[in-house]
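First the structure, in the form of structure tokens, and then the observations on it.
For clarity, every value in this text was computed on a predicted model and none was experimentally measured.
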Amino acid sequence: MGGFANVVNALAWMPDGVHLCVGLQGYAGFQVLRLNDGKTVMTDTQYKDDLMDMDINRKGYIITTALDGFVRLYNQKFKLIGRRKVPGGNKPVSVRFSPDAETIAVGFIDVPTISVISAQDLSFKYYAAAGRTAHQVGFTSVVWSSDGTMLFASGQYTGEGLNPVYRWKNRGRDAPDKIALTQNRIT
């Protein structure tokens, strides 16, 4: 498979094992491919900057982030059901559904903030608790624990010492634990 309009930035399998979601840089947007014949079955070119990340929940709903400032939600039939700017920063870059598929964590490249939004309508629910994130530029990677009780994030760090991973208990509502981890940026 090839011939994409721009560089591939993100890939994710649909739970059906039949389709592959492809996020592209520039204005090329989002595509869904059927694997048995390589045919594009859906395209969304309404992106005004790089699609940076995507996640798919077990029900087949797809969430994407793009540097145009929007988070987009698609249903399992690949229909866009919501597009919204999320409070917290201007450049959403990382995104993950919680294991129960009720909420979505969004990280930003331009601020050290994690926003938690509703997986039903993309409405804002809360920010992950602030604290102990000095010298953190942004969160280019977010993930939930498998039981959904903890939120983890990392990204570019400008402080002294090792690049940290932050861990929030209570679904992101408790102050974060800072875990020094590596000399390199965590993406």
Looking only at non-hydrogen atoms, find the nearest pair between [X] and [Y] and report the distance.
| X | Y | answer |
| --- | --- | --- |
| P176 | T133 | CG-CG2, 4.4 Å |
| A28 | T45 | O-CG2, 3.9 Å |
| T43 | T40 | OG1-CG2, 3.2 Å |
| G29 | L51 | O-CD1, 4.0 Å |
| A119 | A101 | CB-O, 3.2 Å |
| D110 | K91 | OD1-N, 3.2 Å |

[X] side chain to [Y] main-chain N or O, any donor-acceptor pair under 3.5 Å?
| X | Y | result |
| --- | --- | --- |
| D55 | F97 | yes |
| T103 | I117 | no |
| Q25 | V8 | no |
| T158 | V137 | no |

With rounding to the nearest 0.5 angstrom, report the [atom1] to [atom2] distance, [X] to [Y].
| X | Y | atom1 | atom2 | value |
| --- | --- | --- | --- | --- |
| I186 | T140 | CD1 | OG1 | 8.5 Å |
| L162 | N184 | CG | CG | 10.0 Å |
| Y74 | I56 | OH | CD1 | 11.5 Å |
| N9 | M54 | CG | CE | 9.0 Å |
| S98 | D147 | OG | CG | 11.0 Å |
| Q156 | H135 | CD | NE2 | 13.5 Å |

**Prompt:** Which is it for R173 and Y126 under the side-chain contact (heavy atoms from CB on, under 4.5 Å) test, yes or no, and what are the steps along the way?
**Reply:** CA-CA 8 Å; R173 291 182 180 96; Y126 59 92; 3.1 Å; yes
Check: residues 57-66 side-chain donor-acceptor pairs under 3.5 Å, at least two apart:
residue, atom, partner, partner atom, Å
N57, OD1, K59, N, 2.9
N57, OD1, G60, N, 3.0
N57, OD1, Y61, N, 3.0
R58, NH1, P99, O, 2.4
T64, OG1, Y47, OH, 2.8
T65, OG1, D53, N, 3.4
T65, OG1, V93, O, 3.3

**Request:** Please test I114 against V142 for side-chain contact (heavy atoms from CB on, under 4.5 Å), starting from the C-alpha separation and ending with a verdict.
**Result:** CA-CA 8 Å; I114 304 285; V142 297; 3.1 Å; yes
Do the side chains of [Y] and [X] get nearer than 4.5 Å, heavy atoms only?
| X | Y | answer |
| --- | --- | --- |
| I104 | L122 | yes |
| Q46 | Y27 | no |
| W13 | L35 | yes |
| T113 | Y127 | yes |
| M42 | H19 | no |
| F108 | S115 | yes |
| P164 | Q136 | yes |

Determine, using the 4.5 Å side-chain heavy-atom cutoff (strictly less than), whether [X] and [Y] are members of one ILVMFWY cluster.
| X | Y | answer |
| --- | --- | --- |
| M14 | V22 | no |
| M150 | I179 | no |
| F78 | L33 | no |
| L80 | V32 | yes |

**Fill in**
Contacts of D68 meeting side-chain hydrogen bond (donor to acceptor under 3.5 Å, both in side chains) (sequence neighbours excluded), chain-then-number -> R72
**Complete:** salt bridge (Lys or Arg N to Asp or Glu O under 4.0 Å) pairs touching residues 42-52, sequence neighbours excluded, are none
**Message:** Give me each pair satisfying ring-ring contact (aromatic ring centres under 6.0 Å, His included) with a member in residues 162-187, each pair once, sequence neighbours excluded.
**Reply:** F139-Y166, F139-W168
**Item:** R185, CZ: over 12 other non-hydrogen atoms inside 6.0 angstrom
**Value:** no
**Residues, nucleotides or ligands: over 12 heavy atoms within 6.0 Å of K169 NZ** = no
**Message:** When you compare the side chains of S154 and S141, does any donor N or O come within less than 3.5 Å of an acceptor on the partner?
**Reply:** no
**Item:** Those residues that, when tested against N36, pass side chain to side chain contact (heavy atoms under 4.5 Å, CB included) (two or more places apart)
**Value:** R34
Pair up each side-chain donor or acceptor in residues 81-90 with any protein partner under 3.5 Å, not counting sequence neighbours, and list the distances.
none

